[in-house]
Amino acid sequence: MNLEKLLGIKYPIIQGGMAHIATSELAAAVSEAGGLGVIGSGGMSAEDLRDNIRDLRAKTKKPFAVNLMMLRPDTDDLVKVILEEDVKILTIGAGSYGKYADIFKEKEIKVIPVIASPVQIKRYEDYNPTAYIAEGMEAGGHIGQMTTITLIPEAVNATDRPIIAAGGIASGREIFAAEILGASGVQIGTGFLFTEECPAHENYKNILLKSTSSKVTVIGNNNVPMRLLKNKMTRDYKNLEKSNSLEELEYFTIGRLRKAVKEGDVVEGSVMTGLDVGRFNEIVPVKEFIERIFREYDEVKNGYKNQG
Ligand SMILES: Cc1cc2nc3c(=O)[nH]c(=O)nc-3n(C[C@H](O)[C@H](O)[C@H](O)COP(=O)(O)O)c2cc1C
């Protein structure tokens, strides 16, 4: 894998920029452990973002990124903070960053858009992104239609830029599988929910610890699909889907992730998680998690070479 050199990190792993969860605490721990920590600006005001960037820099000198969700109406304010604070790497979710492509280029900011289909790569190529995160629908949170195993090879064929695999990566085995499919690194979200430095409410972590893939569902298939745990909220949503408009449904989901993550309401809140939730059964420090999966990766890769 060759993401390490490109981003100045020890292990080719990016932590998902999860709204309300990827604070400076989690991101600093990931960067300090040798991955790329990402501050998720979804759910943060511009000033919260500035505080998180400064707090992260007080905790680690290693590279980090900020995740920007482009559909937010206050994106200009967030971009202003990113430029003022001299952030050097961005991951981009939910929408195009075309409006800012020139200024990011001028400031030599490395930009890594998240894509869920190869068609999106065509749209971004002119902006000269550094790499792409190709996220399969196994992932937690908002998702596309393709699986990781179908998306990665297509994405690799669609561009000369590095592809970072996301969605369902739980151990060294999947990291090696992603490499075989042509990926240069991985992004993990769900796995980092099972870490000590993840600031999610203990109710969120406890219910994840008890869950397996059979407890995971997708809502919003007619609108913006989202993967999360089954609970009262998802049942209510599916009932509303039969009669309510898309706007009403969208309104219904607003603030639900915050409710679960901050208030610990795992009944009415959105408990976003990937399909690999059942692969994790303990809460460990970030450093231990990263070192373990790359030890597994080395073991699997060496075993594969020896077989050959
Ligand atoms: C709770 C949660 C919140 C997320 N929020 C965001 C977000 O704000 N922006 C984003 O680009 N991706 C978001 N994601 C997706 C992750 O960044 C990552 O791509 C995904 O979790 C990878 O798949 P995995 O969950 O199977 O590891 C979120 C994922 C989860 C589980």
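One-based numbering, in listed order, for ligands and for the atoms of each.
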Student: Should you measure from each heavy atom of Tyr204, which atoms of ligand 1 turn up under 4.0 Å away?
Tutor: 1 (C)

Student: So if I count the atoms of ligand 1 from 1 in the order they appear, which ones are less than 4.0 Å from some heavy atom of Ala19?
Tutor: 5 (N), 6 (C), 7 (C), 8 (O)

Student: Just heavy atoms, cut-off under 4.0 Å: does Met69 contact ligand 1 by side chain, backbone, both, or neither?
Tutor: side chain

Student: Quick check on Lys88: does its NZ atom have over 12 non-hydrogen neighbours (other residues, nucleotides or ligands) under 6.0 Å away?
Tutor: yes

Student: Using a strict cut-off of less than 4.0 Å between a Lys/Arg side-chain nitrogen and an Asp/Glu carboxylate oxygen, indicate whether Glu85 and Arg50 qualify as a salt bridge.
Tutor: yes

Student: In this structure, which one of Val186, Ile164, Thr190 forms a side-chain contact (heavy atoms from CB on, under 4.5 Å) with Ile169?
Tutor: Val186

Student: Which ligand 1 atoms does Ile188 reach within 4.0 Å, using its non-hydrogen atoms?
Tutor: 27 (O)

Student: Return the closest protein heavy atom for atom 1 (C) of ligand 1 as residue, atom name and distance.
Tutor: Met272 CB, 3.4 Å

Student: Which atoms of ligand 1 sit under 4.0 Å from any heavy atom of Gln187?
Tutor: 16 (C), 17 (O), 18 (C), 19 (O)

Student: Would you find more than 12 non-hydrogen atoms of other residues, nucleotides or ligands less than 6.0 Å from Lys59 atom NZ?
Tutor: yes

Student: Does the side chain of Glu179 come under 3.5 Å of the side chain of Tyr297 through a donor N or O and an acceptor N or O?
Tutor: yes

Student: Heavy atom under 4.0 Å from ligand 1: found in Ile21's side chain, backbone, both, or neither?
Tutor: side chain

Student: In the protein, what heavy atom is nearest to atom 21 (O) of ligand 1, and what distance, to one decimal place, separates them?
Tutor: Gly189 CA, 3.3 Å

Student: Under 4.0 Å, heavy atoms only, figure out whether ligand 1 is touched by the backbone of Phe192, its side chain, both or neither.
Tutor: neither

Student: Starting from atom 9 (N) of ligand 1, locate the nearest protein heavy atom and write down its residue, its atom name and how far away it is, to 0.1 Å.
Tutor: Asn67 OD1, 3.0 Å

Student: Quick test: of every protein heavy atom, which one is nearest to atom 25 (O) of ligand 1, and how far off is it to 0.1 Å?
Tutor: Thr190 OG1, 2.6 Å

Student: What is the closest protein heavy atom to atom 15 (C) of ligand 1, and at what distance does it sit?
Tutor: Glu135 OE2, 3.4 Å

Student: Looking at Tyr204 and Val271, what are the two nearest heavy atoms and their distance?
Tutor: OH-C, 3.4 Å

Student: Counting each atom of ligand 1 from 1 as listed, which ones have a heavy atom of Gly167 under 4.0 Å away?
Tutor: 22 (C), 23 (O), 26 (O)

Student: Looking at Lys259, I want to see if its NZ is surrounded by more than 12 non-hydrogen atoms of other residues, nucleotides or ligands under 6.0 Å.
Tutor: no

Student: Count the heavy atoms belonging to other residues, nucleotides or ligands that lie under 6.0 Å from CG of Leu249, then report whether that count exceeds 12.
Tutor: yes

Student: Around Gln145, counting heavy atoms of other residues, nucleotides and ligands shown, do more than 12 lie under 6.0 Å from its CD?
Tutor: no

Student: For Gly40 and ligand 1, answer yes if some heavy atom of the residue is under 4.0 Å from a ligand atom, otherwise no.
Tutor: no

Student: Against Thr217, only a single residue in Met226, Arg227, Arg235, Lys238 fulfils side-chain contact (heavy atoms from CB on, under 4.5 Å); can you say which?
Tutor: Lys238

Student: Kindly identify the option in Pro113, Gly17, Ser41 whose heavy atom sits closest to atom 7 (C) of ligand 1.
Tutor: Gly17

Student: If you have a sec, work out which protein heavy atom is nearest atom 29 (C) of ligand 1 and how many Å separate them, to one decimal?
Tutor: Gly140 O, 3.3 Å

Student: Below a 4.0 angstrom heavy-atom separation, can you tell me which part of Met18, side chain or backbone, both or neither, approaches ligand 1?
Tutor: both

Student: Give me the residue, atom name and distance of the protein heavy atom closest to atom 23 (O) of ligand 1.
Tutor: Ala139 CB, 3.1 Å

Student: Between Phe289 and Phe192, is the ring centroid distance below 6.0 Å?
Tutor: yes

Student: Looking only at protein heavy atoms, which one is nearest to atom 26 (O) of ligand 1, and how far off is it?
Tutor: Gly168 N, 2.7 Å

Student: Ignoring hydrogens and angles, state whether a donor on the side chain of Ser184 or Asn2 is under 3.5 Å from an acceptor on the partner side chain.
Tutor: yes

